[in-house]
Amino acid sequence: MATLDSIYNAVLEGSAPAAQAGVKAALAEDIAADTILKDGLIAAMGEVGRLFEENEYFVPEMLVSARAMQSGLALLKPHLAAGGSVSAGRAAIGTVKGDLHDIGKNLVGMMLEGAGFEVIDLGTDVTPEKFVNAVKERGVQLVGLSALLTTTMPSMGATMKALTEAGIRNRVKVMIGGAPVTDAFARQIGADGYAPDASSAVRLAKALVA
Ligand code: B1M
């Protein structure tokens, strides 16, 4: 589809204005927000990752592509997060210590909001202590940890340990996700669940707080 191709190419070329124009055009053509997200924005980021692995793209190219994706995502947000008015629960989400990738985490946050969760976004490079404080001070029922680097997966384990040592592990459910994370890893660190993408994160979050 030509409009989805234009979004894909805009993200690949790192053009935020073109990504926004593409998303606006796709919405005007009544293309479903989910399709724009998966076949336009996310597909392009997958290709950016491949090009990075092939040494055709470097960090600056990844960064401008990420900005183009974020700008398109901002326009999609109201369509993805057509939320309910009754709170499904309060969740604190963040990308773990050492990790600056936030697009997936932002997407999960948007989808959770769309499903009626009150979402506290702790940002990126979040220390275990910050997660602990969010649980202690902000009445959080669900903690969501995101990691995109194999080198930052241990920060997830460190966060689980910090929750236990603070004596609050039994007060919250913990869900984890991100490209290198697996269900087996979730079990290994004692998290309550793993979700491979934003839609399954919503299903899992609802089940965990039910
Ligand atoms: Co980085 N990076 N990056 N990067 N980057 C990856 C992750 C990488 C796989 C690229 C590659 O080699 N192919 C590789 C990691 C390799 C590894 O560890 N095995 C990598 C690397 C190496 C690095 C640096 C080390 C590069 C360097 O400096 N030499 C560096 C690290 C910086 C740091 O974090 N300390 C770095 C930096 C960056 C940028 C800053 C330039 C930029 C991030 C910008 C930003 O996020 N604001 C960037 C980008 C854009 C990528 C790729 C290309 C795209 C990531 C992305 O946004 N995907 C990525 C390659 C790739 O993923 N193919 C790559 C789209 C997003 C929607 O998907 O985040 O997977 P994702 O989220 C999904 C699911 O994973 C899941 O749901 C989301 C939606 O479906 N999910 C959850 C995510 N979190 C969840 C939480 C949940 C549940 C589900 O519950 C709580």
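Every value quoted in this text rests on a predicted model; they were computed, and no experiment measured them. Start at 1 and go down the list; that is how both ligands and their atoms are numbered. Both backbone and side-chain heavy atoms feed into the values below; hydrogens, waters and symmetry mates do not.
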Just going by heavy-atom distances, which of [options] is nearest to [atom]?
| atom | options | value |
| --- | --- | --- |
| atom 54 (C) of ligand 1 | M62, M45, E54, K38 | M45 |
| atom 20 (C) of ligand 1 | T124, L149, V143, V181 | L149 |
| atom 18 (O) of ligand 1 | V11, T150, V202 | T150 |
| atom 68 (O) of ligand 1 | P60, G104, G98 | G104 |
| atom 27 (C) of ligand 1 | V64, D102, L204, V59 | V59 |
| atom 44 (C) of ligand 1 | A66, A92, A179 | A66 |

Original post:
Please walk me through it: do R203 and D197 pass salt bridge (charged side-chain N to carboxylate O under 4.0 Å, His left out)?
Top reply: CA-CA 10 Å; R203 278 196 299 278; D197 55 45; 5.3 Å; no
Return yes when [X] approaches ligand 1 closer than 4.0 angstrom through a heavy atom, no otherwise.
| X | answer |
| --- | --- |
| P180 | no |
| R67 | no |
| I93 | no |
| P196 | yes |
| T151 | no |

At a non-hydrogen distance cut-off of under 4.0 Å, which region of [X] contacts ligand 1 (side chain, backbone, both, or neither)?
| X | answer |
| --- | --- |
| R50 | neither |
| L107 | side chain |
| V108 | side chain |

Residue and atom name of the nearest protein heavy atom (relative to [atom]), distance in Å to one decimal:
| atom | result |
| --- | --- |
| atom 3 (N) of ligand 1 | H101 NE2, 3.0 Å |
| atom 10 (C) of ligand 1 | F52 CD2, 3.6 Å |
| atom 34 (O) of ligand 1 | L100 N, 2.7 Å |

Original post:
Just which atoms of ligand 1 are under 4.0 Å from any heavy atom in E53?
Top reply: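 With E53 as reference, the close atoms of ligand 1 come out as 11 (C), 12 (O), 13 (N).
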Original post:
Of all the atoms in ligand 1, which lie at a distance below 4.0 Å from a heavy atom belonging to G178?
Top reply: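 In order of numbering, the contacting atoms are 75 (O), 81 (N), 82 (C), 83 (C), 84 (N), 85 (C).
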**OP:** Could you give me the CA-CA distance, side-chain angles and deciding distance for L51 and L12, then say whether side chain to side chain contact (heavy atoms under 4.5 Å, CB included) is met?
**Re:** CA-CA 10 Å; L51 292 169; L12 220 52; 4.3 Å; yes
Original post:
How far apart are the C-alpha atoms of E47 and R50, what are their side-chain angles, what is the distance that settles it, and do they pass the salt bridge (charged side-chain N to carboxylate O under 4.0 Å, His left out) test?
Top reply: CA-CA 5 Å; E47 177 63 3; R50 193 191 67 78; 2.9 Å; yes
**OP:** Ignoring angles and geometry beyond distance, decide whether I42 reaches within less than 3.5 Å of ligand 1 through its nitrogen or oxygen atoms.
**Re:** no
Original post:
Do R169 and D192 sit within salt-bridge range, that is, some charged N less than 4.0 Å from a carboxylate O?
Top reply: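 The answer is yes: the pair qualifies as a salt bridge.
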